[in-house]
Amino acid sequence: MQTMILLYLLIVNAVAFLLMLVDKLKAKRGAWRIPEATLFSIAILGGSIGSILGMYHFHHKTKHWYFVVINILSLIIHVFVGYLILTKFN
């Protein structure tokens, strides 16, 4: 069970990181962008670490306060839920 959760988190965070890269590259070219709802959704679904790392590594969306807040709140919730899962099921 824990292995599956860790694998899921690894994949979803890698996807979040790559989505930030792709959106940044599209922004530079003036191309069609990844919807903000998609970026928020991937962070909320467990990709907050990848999203935060991508934001700051690629300097993308860091000036939008709501991206920073939603990603940090998602991370806090994920840590709390992870703690509950580890303490209740072990």
Side-chain angles (χ1 to χ4, degrees):
M1 175 80 164
Q2 288 178 347
T3 304
M4 294 298 291
I5 292 171
L6 289 175
L7 182 62
Y8 169 78
L9 290 173
L10 179 68
I11 292 169
V12 76
N13 279 286
V15 169
F17 186 82
L18 292 173
L19 283 177
M20 285 294 177
L21 170 62
V22 170
D23 196 50
K24 177 67 174 191
L25 295 174
K26 287 183 174 202
K28 283 184 173 182
R29 288 183 299 191
W32 177 84
R33 307 276 299 279
I34 296 172
E36 288 186 350
T38 301
L39 299 174
F40 286 137
S41 296
I42 198 76
I44 291 169
L45 291 172
S48 56
I49 293 173
S51 188
I52 291 168
L53 290 174
M55 283 174 56
Y56 287 100
H57 183 73
F58 304 118
H59 305 284
H60 188 55
K61 301 285 188 187
T62 55
K63 292 182 181 178
H64 300 282
W65 67 268
Y66 47 92
F67 267 91
V68 176
V69 170
I70 287 175
N71 279 301
I72 291 173
L73 286 177
S74 294
L75 179 59
I76 291 168
I77 291 168
H78 296 147
V79 169
F80 180 71
V81 169
Y83 172 77
L84 290 177
I85 289 171
L86 288 174
T87 58
K88 296 286 182 183
F89 296 111
N90 282 333

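Linking ILVMFWY side-chain heavy atoms closer than 4.5 Å, directly or via other members, places Leu7 and Val15 in a single hydrophobic cluster. The cluster map of Ile, Leu, Val, Met, Phe, Trp and Tyr, joined by side-chain heavy atoms under 4.5 Å apart, puts Leu86 and Phe80 in different clusters. Under the 4.5 Å side-chain heavy-atom criterion for grouping Ile, Leu, Val, Met, Phe, Trp and Tyr, Leu39 is connected to Tyr66 within one hydrophobic cluster. One hydrophobic cluster holds both Ile52 and Trp65 under the rule that ILVMFWY side chains link at heavy-atom gaps under 4.5 Å. Both Phe67 and Val69 are assigned to one and the same hydrophobic cluster, defined by single-linkage of ILVMFWY side chains at heavy-atom distances under 4.5 Å.
In this structure, the side chain of His78 engages the main chain of Ser74 through a donor-acceptor pair within 3.5 Å. In terms of modelled atom types and a separation under 3.5 Å, the side chain of Lys24 and the main chain of His59 share a donor-acceptor contact. Between the side chain of Thr38 and the main chain of Ile34, no donor-acceptor pair closer than 3.5 Å is present.
To the nearest 0.5 Å, atoms CG (Leu45) and CG (Leu9) are separated by 11.0 Å. Remark: Glu36 CD to Ile70 CD1 distance equals 9.0 Å, nearest 0.5 Å. Between atom CG of residue Asp23 and atom CZ of residue Phe58 there is a gap of 11.5 Å, rounded to the nearest 0.5 Å. Note that CD1 of Ile42 and CE of Met20 are 10.5 Å apart. Values are rounded to the nearest 0.5 Å. Atom CE of Met55 and atom NZ of Lys63 lie 12.5 Å apart (nearest 0.5 Å).
Of the candidates Ile77, Val79, Ile72, Leu73, Leu75 forms a side-chain contact (heavy atoms from CB on, under 4.5 Å) with just one, namely Val79.
Counting only N and O atoms by type, the side chains of Asn71 and Ser51 include a donor and acceptor under 3.5 Å apart.
Closest approach of Asn13 to Ile49, counting heavy atoms only: OD1-N, 3.1 Å. Listed here is the closest heavy atom pair of Val68 and Tyr56: CG2-OH, 3.7 Å. Residues Trp32 and Lys26 share a closest heavy-atom pair of O-CD, 2.9 Å.
In this structure the side chain of His57 reaches within 4.5 angstrom of the side chain of Phe17, judged on heavy atoms.
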